[in-house]
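I have placed the structure first, in the form of structure tokens, so that the comments after it can refer back to it.
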Amino acid sequence: MKLNLKAIAKRWQKVWAERKLFEADPLDKPKFFITVPYPYVNGYMHIGHTYTDMRPEAFARYKRMRGFNVLFPFAFHATGTPIESAAKLVAEKDEKQLSIYKDMGFKDEEIARFCDPKNIIKTFVKAARKDINTFGLSVDWRRSFFTTELNPRYSKFIQWQFRKLHKAGYLTKGSHPVVWCHKDNMAVGDHARSEGEGEVPEELTIIKFKADDVIFPCTTTRPETVFGVTNLWINPNLTYVKALVDGETWIVAEEAVPKLEAQKHKVQIVEKHKGEEILRKHVHNPLTNTAIPVFPAVFVTAHTGTGVVMSVPAHAPADFAALEDYKKQDSAARNIVPISLIKVEGFGEIPAAEACKKYNIKDQNDARLEEATREVYSKEFHTGVLLPITGKYQGLSVQNVKQKIISDLVDAKHAVKFYELLNPVVCRCRTRCHVKIVDNQWFLAYGNLQWKEKTHKALANCKLYPEKVRTQFMHVIDWLKDWACARQLGLGTKLPLDKEWVIESLSDSTIYNAYYTIAHHLKNIPVSQLNEAFFDYILLGQGTIDKIKADHNLVEQMKQEFNYWYPVDFRNSGKDLVQNHLSFYLFNHTAIFAEKHWPVGIGVNGYVTLQKMKMSKSKGNVRFMRDLIKLWGPDVVRMSILTNAEELDDADWDDDVAASNSQKLIQWYTFAVDNYGEGDSTKTDIDAWFVSKINACTRDMTCSMDKTLFRTALQRGYFDLQRYFKWYARRRGNILNAEIVKQFIETQTKMLVPFVPHICEEIWMKLQKQMLASTENWPVFDEAAIKPELDAIEDGIAGIVDDISTVVSLSKIEKPVKINIIVAADWKSKLFTLVKDKIKTTRNAGELIKIAMQDVSLKEHGAETAAIIQRIAKDHGKLPATVLHQEVEYQFLKDSTAFLKANFGCEIEVVKEQESKEMKAKQALPGKPAVVVS
RNA sequence: GCAGGGGUGGCAGAGCCUGGUCAAAUGCGCUAGGUUGAGGGCCUAGUCCCUUAGUGGGUGCGAGGGUUCGAAUCCCUUCCCCUGCACCA
């Protein structure tokens with residue numbers, strides 16, 4: 001049959017829209033509110049969205065069929081820098097940016113309009129909405145919106161939220177280090193870097209070594225080793241400056257000056273020197289107060305810190321190697337011996353020396369130094385303990401004492417903290433970045449302990465799909481620090497208390513689920529009427545209505561609607577959002593809303609991969625939702641993506657799977673339409689068995705649907721059920737029971753609705769149903785119709801088919817004329833039943849035999865009984881799940897002779913063991929009849 | 001490094017919580033046969049090794065050790081893989 005899946009989809013989407021099927025308003029029945037993070041609209045929806053959006057979609061349709069009033073809204077995110085930057089690049093006619101849009105199929109004149117970010121937003125909102133509709137998502141579009149000031153009503157809402165956060169004390173101001181590009185004059189996040197992805201400002205320490213009134217500020221990651229400094233290093237080839245830093249005279253590499261300035265130090269250069277000019281005989285270690293020399297070393301770079309480093313040859317392989325090098329040219333250095341200060345497992349007194357030997361380090365330029373350093377540092381940090389030379393710190397572990405030493409040094413003004421990038425970071429504009437301390441930064445105080453506690457409570461009350469992400473959530477809540485929630489660039493909403501700042505994109509997206517409940521009404525209210533009292537009254541139930549300018553009837557209605565829909569019952573997103581968005585979502589709800597409005601359920605899923613590769617725009621392996629739908633039609637895409645993975649596993653998109661699913665859907669359609677109402681009215685055990693399976697599959701699928709385990713749900717409710725049906729049809733010689741086939745077709749089709757609603761509607765129409773498939777009730781199962789004992793019979797028949805095949809092929813009889821099936825004697829089933837019971841208490845064959853011999857009928861077959869017991873005691877897995885009496889087994893085999901005859905194309909005879917003259921008859925066991933082929 | 005999730009047959013992927021019925025579901029792939037004008041599809045059987053007119057033995061669930069009558073499943077150690085680590089959507 002030729003079926004146009006896309007045309008079918010289009011037809012039913014139109015019907016749903018005309019009947020406003022998914023426009024949800026409060027009703028007198030239980031509600032279920034489902035949301036998904038709105039996509040960022042700087043491009044087309046891709047396959048990743050397909051997965052994350054499909055889960056709530058399937059859940060929404062399922063819940064509707066379960067009788068819930070379901071609200072599933074959808075909106076769009078435009079906050080942040082990417083759209084604005086893209087518009088800027090278009091304005092600058094940047095080739096790369098233009099070609100991105102060209103590749104998407106836009107014409108030059110359309111692209112030209114993208115110099116205005118608003119046009120980018122509008123274009124992609126429109127495109128996304130179209131894609132989502134073509135995909136068949138059951139969305140209430142009346143409530144749709146996009147973010148930023150370009151939507152002033154949303155901005156009003158966000159500003160209200162931030163005033164609330166401020167009043168609650170969760171919005172604070174402070175300074176913090178960021179990776180900064182001084183050319184672009186902005187913080188450079190991972191995505192805006194051409195090099196150095198993942199690099200973050202590391203906290204280093206600058207320790208001040210004094211020589212008269214000049215300070216040699218050493219940058220170090222290991223301030224605890226200050227006790228073991230034998231000398232300082234400077235690079236003789238670099239340019240250093242003598243400068244006034246915060247009123248002190250420092251010697252630092254020239255490159256360090258802008259970095260110091262960026263970190264709140266006042267720097268005034270006094271004079272410049274070549275490195276070799278500033279070597280010294282003596283500087284003073286501020287902690288041990290010993291005098292040490294300043295030596296030259298070429299491994300010192302100007303990129304890290306001040307360009308002045310302290311040398312700890314006992315614990316730093318690089319220092320050790322450099323010192324050895326220097327000893328060759330300066331006799332004064334030869335007296336210097338490494339000072340050990342850390343005792344560490346697996347090493348002797350001077351770990352650095354041992355490491356240099358182990359890695360066969362030649363000199364200070366040796367590439368393997370890096371590895372040697374890593375090994376020593378890591379060992380010392382994790383297992384090292386400070387020696388007596390460290391005075392009051394002795395006996396403490398490096399790990400524990402490090403922060404203490406830093407704060408002691410800083411308190412004593414011997415040191416300052418300094419942030420540095422330990423590996424190069426280069427901005428897209430090709431400028432090398434450094435760390436800047438940003439002032440007056442606004443934070444959401446996720447570090448606030450009371451807030452964390454509240455959020456933990458919210459998490460504890462929240463159902464998670466799957467439950468196993470809970471530990472991760474708990475860690476994230478504990479781990480989150482204050483979040484810089486505003487920036488000076490990008491689209492968004494201005495911070496109400498400080499109009500210089502724009503609220504950053506993750507921070508304006510935490511409680512907007514509440515906005516959906518009233519969004520369609522808001523469109524009819526003038527922006528000027530959306531004051532504080534308005535939102536207070538509707539969303540918090542605070543204040544009185546007389547302070548509100550908007551129409552009071554409407555406001556009352558909105559308040560009711562909010563209270564009807566809220567809280568969110570299920571919010572689904574990718575697993576990458578656990579550590580930010582979803583946790584922020586919990587935090588902010590506890591800050592703004594009453595406890596009854598805190599989130600009820602959160603769903604998390606994996607990523608979508610293509611050929612096991614993570615999707616990435618730069619690698620060019622991105623597939624858009626629209627292209628997939630064009631290729632396969634929405635139902636196939638919907639089904640394929642959900643059969644692919646569940647829980648936190650990644651779903652790998654595979655066109656072969658899609659092709660196979662496409663075929664399966666068409667087959668199901670054909671089968672359902674052709675067979676509905678066909679068949680006879682006879683009924684035997686096999687019919688009862690299939691009914692049992694229909695009910696069992698319905699039960700299992702329902703259970704999985706409730707847990708959003710859609711893959712398992714389809715496995716049980718579709719793939720397994722189809723397999724059972726095949727067996728049923730085979731057993732009935734393809735002439736089916738009409739009533740049962742009807743039940744099968746209806747149940748199966750209904751259970752497919754959440755996944756492939758379009759083709760289900762088409763089937764439903766062909767079956768002459770009055771209602772839409774989408775509005776049908778989810779099938780109920782009858783527990784009483786589920787009969788495991790019937791499985792024993794069917795397993796028995798499948799088993800005998802199996803055994804006969806084996807025996808036939810072993811017998812080398814090409815064309816058997818007769819097959820004898822010999823059913824085990826009844827005393828054997830008695831024995832099996834007995835052993836099955838007693839084996840729980842003992843596995844000793846002797847004891848079991850003794851017990852069995854107490855039974856007269858078993859004693860009669862003493863030798864055989866003993867032999868059988870010995871065999872099954874060794875491996876009681878051989879016992880069948882259900883032991884049937886000989887008569888039952890005989891009967892069902894007898895009943896299936898026609899079936900077996902058809903299968904093997906020869907005569908079939910079923911006899912009881914005691915009536916058989918065959919030698920092999922005594923091999924028969926319950927559930928395992930003997931087979932004789934002739 | 002820290003945190004989270006994993007390592008099962010040619011592949012994908014169940015099983016692990018609650019140990020035995022697990023040589024391990026199911027799907028794909030592969031082999032043979034059937035159906036078909038051909039292809040596709042569909043149907044049937046097979047697909048770790050050895051043995052056999054059968055229901056027997058061996059090896060096996062990242063590696064090593066332990067608990068147990070018994071371990072893919074529980075405990076310990078170890079190796080490896082994936083994800084995240086922030087001001088970014």
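Chain letters run A, B, ... following the sequence lines, proteins first, then strands; residues in each count from 1. Please read these numbers as outputs of a predicted model, since none were measured by experiment.
- For A:Lys928, the listed nucleotide lying nearest its side chain is B:U55; candidates were B:U55, B:A89, B:A25.
- At least one donor-acceptor pair closer than 3.5 Å links the side chain of A:Lys575 to the backbone N or O of A:Leu648.
- At a threshold of 4.0 angstrom between heavy atoms, the contacts of A:Tyr607 are confined to the sugar-phosphate backbone, with no base atom among them.
- Interface remark: the A:Asp576 side chain does not form any donor-acceptor pair with the B:G84 base, using a distance-only criterion of under 3.5 Å.
- In this structure, of B:C85, B:A89, B:G54, it is B:A89 that holds the atom nearest to the side chain of A:Pro82.
- For A:Ile477 and B:A3, the CD1 to P distance is 17 Å, given to the nearest whole Å.
- Checked against the 6.0 Å centroid criterion, the rings of A:Tyr512 and A:Tyr38 qualify as a close aromatic pair.
- One donor-acceptor pair, N or O on each side, does fall under 3.5 Å between the base of B:A89 and the side chain of A:Asn580.
- Paired with A:Phe725 under the rule ring-ring contact (aromatic ring centres under 6.0 Å, His included), one option of A:Phe671, A:Phe719, A:Tyr718 passes, and it is A:Phe671.
- Comparing the same atom, P, in B:C75 and in B:C85 gives a spacing of 31 Å after rounding to whole Å.
- The distance from atom CG of A:Asp478 to atom P of B:G84 is 21 Å, rounded to the nearest whole Å.
- A:Val931 comes within 4.0 angstrom of a base, heavy atoms only.
- Note on A:Thr712: nothing from the nucleic acid sits closer than 4.0 angstrom, heavy atoms only.
- Checking B:A71 for Watson-Crick or G-U wobble geometry (two distances, each under 3.5 Å) identifies no partner in any strand.
- Among B:G5, B:A86, B:A89, the nucleotide with an atom closest to any side-chain atom of A:Leu648 is B:G5.
- If you take atom C1' in B:G13 and the same atom in B:G19, they sit 22 Å apart, rounded to whole Å.
- The phosphate of B:G6 (OP1 or OP2) has a side-chain N or O of A:Lys468 nearer than 4.0 angstrom.
- Here the nucleotide nearest the side chain of A:Ser505, chosen from B:A86, B:G54, B:A89, is B:A89.
- Distance check on atom C1': B:A63 versus B:G57 gives 27 Å, rounded to whole Å.
- Comparing the same atom, P, in B:C74 and in B:A89 gives a spacing of 42 Å after rounding to whole Å.
- Of the possible donor and acceptor atoms, none in the side chain of A:Lys707 sits under 3.5 Å from a partner among the backbone N and O of A:Tyr465.
- Between the CZ atom of A:Phe587 and the P atom of B:C87 there is a distance of 18 Å, given to the nearest Å.
- At distances below 3.5 Å, not a single donor-acceptor pair connects side-chain atoms of A:Arg716 with backbone N or O atoms of A:Leu721.
- When both distances must be under 3.5 Å, the Watson-Crick or G-U wobble mate of B:G27 is B:C11.
- What separates CG of A:Asp652 from P of B:U83 is a distance of 14 Å, to the nearest Å.
- Here A:Ala645 lies out of heavy-atom contact (under 4.0 Å) with every strand.
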Could you encode protein contacts along nucleotides 42-47 of chain B as a string, one character per nucleotide from 5' to 3', using B for base contact, S for sugar-phosphate-only contact and - for no contact, with a heavy-atom cut-off of under 4.0 Å?
SSSSS-
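- The partner of B:U21 is absent, by the rule that a Watson-Crick or G-U pair needs both atom distances under 3.5 Å.
- Within the shown strands, nothing qualifies as a pairing partner of B:U36 under the Watson-Crick or G-U definition with both distances less than 3.5 Å.
- Under the 6.0 Å cut-off for aromatic ring centres, A:Phe76 and A:Tyr40 do not qualify, their centroids lying 6.0 Å or more apart.
- Distance noted for atom C1' between B:U51 and B:G56: 7 Å (whole Å).
- At a threshold of 4.0 angstrom between heavy atoms, the contacts of A:His176 include nucleobase atoms, whether or not backbone atoms are also involved.
- Checked against B:A89, B:A3, B:U52, the side chain of A:His475 finds its nearest nucleotide in B:A3.
- Rounded to an integer number of Å, the gap from CG of A:Leu925 to P of B:G54 is 14 Å.
- Taking the side chain as every heavy atom from C-beta outward, A:Ile822 and A:Pro929 never approach each other to under 4.5 Å.
- Taking every side-chain heavy atom of A:Lys920 into account, B:A53 is the closest of B:G27, B:A53, B:A89.
- Relative to the side chain of A:Thr471, the nucleotides B:G4, B:G84, B:A89 differ in distance, and B:G4 lies closest.
- The minimum heavy-atom distance linking A:Leu491 with A:Thr79 is given by the pair O-CG2, 3.3 Å.
- Shortest non-hydrogen contact noted between A:Leu884 and A:Ser829 is O-CB, 3.4 Å.
- Across all strands, A:Thr81 comes closer than 4.0 Å only to sugar-phosphate atoms, never to a base (heavy-atom distances).
- Listed for the A:Lys436 side chain is no donor-acceptor partner under 3.5 Å among the backbone atoms of A:Val178.
- In this structure, A:Trp479 places its CH2 atom 13 Å from C1' of B:U83, rounding to the nearest Å.
- Distance alone, capped at 3.5 Å, is enough to place a donor-acceptor pair between the A:Asp650 side chain and the A:Tyr607 backbone.
- Atom P of B:U52 sits at a distance of 37 Å from the matching atom of B:G41, rounded to the whole Å.
- Using atom P as the reference point in both B:A12 and B:G7, the two lie 12 Å apart (nearest Å).
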What does the B/S/- profile of nucleotides 8-14 of chain B look like, 5' to 3', with a 4.0 Å heavy-atom cutoff to protein?
----SSS
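- For B:A3, the paired base is B:U83 (Watson-Crick or G-U wobble, both distances below 3.5 Å).
- A:Trp483 and A:Phe443 have their aromatic ring centers separated by at least 6.0 angstrom.
- Comparing B:U47 with B:A24, their C1' atoms are spaced 15 Å from each other, to the whole Å.
- Heavy atoms of A:Val178 sit nowhere under 4.0 angstrom from any nucleic acid atom.
- Here the side chain of A:Leu506 is nearest to one of B:G4, B:A89, B:A25, namely B:A89.
- What separates CG of A:Asp791 from P of B:U21 is a distance of 19 Å, to the nearest Å.
- Between the CG atom of A:Leu577 and the P atom of B:A86 there is a distance of 16 Å, rounded to whole Å.
- The side chain of A:Arg723 has B:U26 as its nearest neighbour among B:C87, B:U26, B:A86.
- Side-chain atoms of A:Val933 lie closest to B:A53 of the nucleotides B:A86, B:A53, B:G54.
- Using modelled atom types, no side-chain atom of A:Thr510 and backbone atom of A:Leu506 make a donor-acceptor pair closer than 3.5 Å.
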